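Following: one structure in structure tokens, then a few remarks.
We name chains A, B, ... by the order of the sequence lines, and we start the count at 1 in each one. Given the structure is predicted, the values throughout are model-derived calculations rather than measurements.
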Amino acid sequence: MDEKYFPEKIEEKWQQRWDETRAFTVEMNDEREKFYCLEMLPYPSGFLHMGHVRNYSIGDALAWYKRLRGFNVLHPIGWDSFGQPAEQAAIKRGIQPRDWTEENINHMRGQLRRLGISYDWRREIAAHTPEFYKWDQWFFLKMYERGLVYRRMSQVNWCPKEETVLSNEQSSGGVCWRCQTPVVKKDLEQWFIRITDYAEQLLADMKEIEGGWPERVLTMQRNWIGRSVGAYVDFAIQGTDARVRVFTTRIDTIYGATAVVLAAEHPLLAELLEGSSLKTDVEQFVERVRATARNRTNAGEEEEEKEGINTGLIAINPFSGETLPVWAANYVLMEYGTGAVMSVPAHDERDYEFAQKYTLPIHQVIAPITHREEPGGFDTQLGMDQSREMRHAFTDYGLLINSGEWSGKLSEDALREMTEHAEAKGFGERAVTYRLRDWGISRQRFWGAPIPVIYCERCGVVPVPEKDLPVRLPERAEFTGTGESPLASAPEFVSTSCPKCGGIARRETDTMDTFVDSSWYFFRYCDPRNPLAAFDPERAAYWTPVEQYVGGIDHAVMHLLYTRFWTKMMRDIGLVSFNEPVKRLMTQGMVTNLVEGTNEWKRMSKSLGNGVDPDDMIQAYGSDAVRLFVLFAAPPENELRWSESGIDGAVRFLRRVYGMVWRWHERLSDPAQRGSEPEMEEFTARARALRRKTHQTIARITEDFEELHYNTSVAALMELQNALSDFKVEPQDASPADVYVIREALEALVLMLTPFAPHIAEEMWEGLGHAGGILGSEVRWPEAREELARKEELEIPVQVNGKLRGRIMATPDTPEEALRAAALADEKVRSWIEGHDVLKVIVVPQRLVNIVVR
RNA sequence: GCGAAAGUGGCGUAACCGGUAGCCGCGCGAGUCUUAGAAGCUCGUCCCGUAAGGGGUGGGGGUUCGAGUCCCCCCUUUCGCACCA
């Protein structure tokens with residue numbers, strides 16, 4: 001141990017030592033309880049940013065803590081190394097995506113090592129290696145066998161800038177999730193995964209992770225899945241055999257329907273209008289709606305104006321027998337429900353707005369209930385203002401009126417009974433719809449896992465046989481930036497023979513969405529080099545599910561929904577035996593920095609020029625200080641506003657602790673000084689106070705770890721350090737009892753500092769006379785002893801009428817009566833109660849006394 | 001617009017079950033050491049007031065002996081959703 005703290009030297013030394021001793025290497029071990037600590041794997045963009053530092057520091061602290069608590073901790077890392085930026089770089093710089101990616105990985109691996117994150121590096125994986133993506137393809141085949149993947153022509157979300165398809169999740173809000181470019185629609189043959197088959201389970205299983213996952217993530221997923229219960233109702237079209245099926249959650253309002261409205265793309269439209277005089281008008285309208293949808297700039301802007309056209313068709317309300325005009329309109333979505341709705345202007349805001357614009361009739365059929373308990377306690381004059389005009393739709397439940405035989409029923413009952421009626425009569429049925437769409441995984445890109453399918457002229461779509469996996473990407477490809485997948489122009493890749501008939505065939509040239517990789521990568525960590533399977537189910541059974549997952553909130557829906565789905569799929573093919581892959585999820589807050597020339601705090605990014613290079617920080621302050629600061633500056637889920645002056649505080653703290661250890665290391669590392677615990681009476685009052693602080697701190701930090709409240713843990717460590725420095729006993733004149741308390745405090749401080757600043761902790765631990773490293777010896781997390789943490793003396797505040805007026809001293813077991821007497825006798829207190837009647841004295845043992853006077 | 005969460009010193013934050021509001025740190029101020037500066041160390045730092053005391057957790061009301069914490073209304077901010085029938 002040197003006299004001075006040189007972060008660089010210490011950090012290098014211990015990073016090397018950890019490598020040599022394989023300190024973080026783990027294997028299955030049935031005798032020890034396992035703990036799987038996982039952080040979201042990074043995309044190898046080239047450089048670590050502060051968000052990564054935060055993410056991995058949070059995870060690493062927990063990994064260290066659990067190791068010190070005796071767990072067998074799996075803490076792995078890998079690379080989400082397929083994806084767009086590599087291809088963009090290839091186009092721009094004329095290099096190969098593989099070279100670019102691997103160079104970035106090498107650089108970032110070095111950065112992670114310099115940060116000293118405690119990974120089991122032997123388990124490192126990368127999505128772009130055939131050893132990994134082979135299993136993406138294998139899963140694809142398994143799902144193909146089970147009918148969980150299928151191909152269809154579909155209108156897809158297309159990012160014109162990146163020239164690729166985006167999933168619904170990736171084009172949320174109408175813009176590309178990566179580059180914010182407005183998304184357009186395009187028709188393509190696409191592969192889909194039937195995630196909607198699992199919609200119900202994805203919702204139901206949330207109860208297994210409630211409490212472990214942030215509520216808002218669950219809410220976002222729930223909204224995304226968007227389950228709604230209602231009914232299908234068929235409206236016959238007059239003069240034809242056709243029926244239009246609508247979906248409604250409010251069948252109780254059906255007597256108020258004044259139109260049936262179809263989406264512009266509704267297939268029945270073209271069919272039914274054959275020969276109609278209105279045909280061209282409607283077609284023109286439909287084309288206009290499509291055009292605006294295509295040019296639709298930003299969905300963040302205000303809602304589009306509702307537009308529609310009367311098709312001239314007449315529908316018949318199956319309940320009332322009334323005839324209704326059939327309209328086509330832009331506000332009905334083909335993708336949701338059946339692409340057709342019954343329009344009930346009186347009880348639906350959108351229908352109301354539409355009816356206002358096109359002066360469709362508005363028929364009220366639900367009356368609000370104003371006094372539910374009174375018979376007849378409802379008001380039929382709903383929503384009428386002084387001008388006796390309805391200004392809004394009334395969308396609440398209520399009492400049915402003007403609804404034939406159903407009048408007088410409550411909405412709640414009518415919903416059920418009218419659905420049953422429709423079922424019995426054969427013109428409708430109960431229905432559950434979801435907003436969730438099937439997961440489109442085809443990407444017209446090179447840098448992804450090739451979809452293992454072959455197209456044969458004779459046999460059609462033929463899956464690649466398992467034995468032929470992986471379907472490898474070509475070593476090189478041309479990147480022209482023209483929009484065609486580079487794979488399509490690589491003849492050696494495309495042309496192949498049919499596995500069935502041996503005839504001439506061509507390969508699928510689309511690759512998979514990279515979210516496929518991240519859906520299951522953490523299972524691969526359990527068995528990263530397995531050449532025969534994605535992973536050995538036995539190993540996965542030992543290590544998974546993940547106890548704690550840490551990552552950004554931006555993956556709340558996409559990645560975290562896909563991975564939940566994937567786990568259920570793997571369960572169904574017999575690979576795992578649980579429903580949910582992640583028991584606890586922590587979503588860390590963003591790291592932001594001031595954008596120069598403004599007063600706005602934004603996420604650090606190269607384009608804004610507000611990035612901070614972790615390497616620079618490590619060089620200037622050391623990895624320990626950077627990590628400590630990042631964890632101390634704010635609770636992990638909060639936004640973290642970067643400020644470099646804050647790091648100075650972390651450095652100062654580390655130096656003070658280091659200095660303290662240095663002053664004592666000679667005396668403490670001497671084996672002759674290691675006595676057994678002295679008797680209580682040998683400790684001075686000050687020594688007992690330090691012990692108390694030590695044990696209180698242990699209890700506090702141990703508790704904080706359960707909730708990952710690192711900021712308060714670090715504050716507690718600082719308090720302990722302050723208490724140690726206030727103890728002011730010099731090594732040369734310390735009594736054995738003093739040495740004992742100092743050792744107890746310093747060792748606890750060093751051990752509890754390990755999760756936050758592991759290098760310096762190791763160095764100090766060695767300096768205190770322990771060889772073999774913190775994990776090498778049988779070191780365990782310190783134990784808080786309750787009897788030592790208890791206060792000997794308490795300061796009890798005394799209030800008069802709720803205002804603080806004095807303080808009395810007491811012990812924790814001072815009886816209530818004595819507290820009361822002492823409070824009333826206190827001189828300061830007496831001056832406040834003199835001349836008043838004491839009405840009441842409230843004594844809260846160990847807490848306070850409140851005297852109520854008049 | 002709908003839904004959720006949150007508002008505490010100059011700043012990041014802390015406060016168990018309702019029980020001394022402001023722990024820890026940043027910043028700032030004073031002092032000390034130094035040829036000087038930096039670092040270090042010591043002290044101070046919610047506001048008003050010389051003091052006694054008074055006020056104070058976005059605003060207003062309520063429950064309670066006692067409210068940052070519980071209830072109601074309002075304001076602001078952040079996040080999510082946004083024609084999902």
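Neither OP1 nor OP2 of G66(B) sits under 4.0 Å from any side-chain N or O of Lys840(A). Contact check, Ser228(A) against A85(B): a side-chain N or O comes under 4.0 Å of OP1 or OP2. Remark: Arg805(A) is in phosphate contact with G54(B), judged by side-chain N or O atoms under 4.0 Å from OP1 or OP2. Side-chain N/O atoms of Asn638(A) include none lying less than 4.0 angstrom from OP1 or OP2 on A6(B). In this model, the phosphate group of A85(B) is approached by a side-chain N or O of Tyr336(A) to a distance below 4.0 Å at OP1 or OP2. Residue Arg435(A) places at least one side-chain N or O under 4.0 Å from the OP1 or OP2 atom of A82(B).
Spacing between U35(B) and C28(B) at atom P, rounded to whole Å, works out to 25 Å. Here the separation of G56(B) from G68(B), taken at their C1' atoms, is 11 Å to the nearest Å. For G12(B) and G61(B), the C1' atoms lie 33 Å apart once the distance is rounded to whole Å. Atom C1' of C43(B) sits at a distance of 42 Å from the matching atom of C75(B), rounded to the whole Å. As rounded to the nearest Å, C17(B) and C70(B) have P atoms that lie 10 Å from one another. The gap from the P atom of C33(B) to that of G9(B) amounts to 38 Å, rounded to the nearest Å. Annotation: C26(B) and U63(B) have their C1' atoms spaced 39 Å apart (nearest Å). Straight-line distance between the P atoms of G18(B) and C71(B): roughly 11 Å, to the nearest whole Å.
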Inset, instruction - Quick one: do Thr419(A) and Glu429(A) satisfy side-chain contact (heavy atoms from CB on, under 4.5 Å)? Show the steps, please. - result: CA-CA 6 Å; Thr419(A) 306; Glu429(A) 58 186 297; over 6 Å; no
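Residue-level contact check: Gly226(A) touches neither bases nor backbone, having no heavy atom under 4.0 Å from any strand.
If you check residues 701-713 of chain A against RNA chain B, the residues with a heavy atom closer than 4.0 Å are Asn711(A), Thr712(A), listed by number.
Looking at the side chain of Asn850(A), the nearest of the listed nucleotides C83(B), G66(B), A85(B) is G66(B). Nearest nucleotide to the Val852(A) side chain, out of G25(B), G40(B), C65(B): C65(B). Of the candidate nucleotides G25(B), G27(B), A85(B), A85(B) has the atom lying nearest to any side-chain atom of Val332(A). Counting only heavy atoms from C-beta on, Tyr331(A) has its side chain closest to C83(B) among C65(B), C24(B), C83(B). Among the nucleotides C24(B), G27(B), C83(B), the one closest to any side-chain atom of Arg652(A) is G27(B). For Ser645(A), taking side-chain heavy atoms from C-beta onward, the closest of the listed nucleotides C26(B), C24(B), G19(B) is C26(B).
Remark: aromatic rings of Phe705(A) and Tyr710(A) are close, center separation under 6.0 Å. Proximity of the aromatic rings of Tyr434(A) and Trp224(A) is defined here by a centroid distance below 6.0 angstrom, and this criterion is not met.
Nearer the 5' end of RNA chain B, as judged by each residue's closest nucleotide, is the contact made by Leu848(A), out of Thr248(A) and Leu848(A). Comparing Lys828(A) and Phe247(A) by the nucleotide of RNA chain B whose heavy atom lies nearest to each, the residue mapping closer to the 5' end is Lys828(A).
Pair assignment for G7(B) gives C75(B), based on Watson-Crick or G-U wobble hydrogen-bonding distances that are each under 3.5 Å. A 3.5 Å limit on both hydrogen-bonding distances identifies U45(B) as the Watson-Crick or G-U partner of G27(B).
Of the listed residues (Glu792(A), Glu786(A), Glu793(A)), just one forms a salt bridge (Lys or Arg N to Asp or Glu O under 4.0 Å) with Arg790(A), and that residue is Glu786(A). Tested against Phe629(A), the residues Phe756(A), Trp642(A), Phe653(A) include a single ring pair (Phe, Tyr, Trp, His ring centres under 6.0 Å) partner, Trp642(A).
When rounded to the nearest whole Å, the span between CH2 of Trp832(A) and P of C65(B) equals 21 Å. Summarising the geometry, the separation between CG on Asp726(A) and C1' on U42(B) is reported as 11 Å, rounded to the nearest angstrom.
A donor-acceptor contact under 3.5 Å is formed by the side chain of Arg807(A) with the base of U20(B). Evaluation of atom-type donor-acceptor distances gives no pair under 3.5 Å for the side chain of Arg222(A) against the base of C81(B).
The aromatic rings of Tyr358(A) and Phe354(A) are tilted relative to each other, their planes meeting at an angle between 30° and 60°.
Considering only heavy atoms from C-beta on, Leu585(A) comes within 4.5 Å of Pro214(A) through its side chain.
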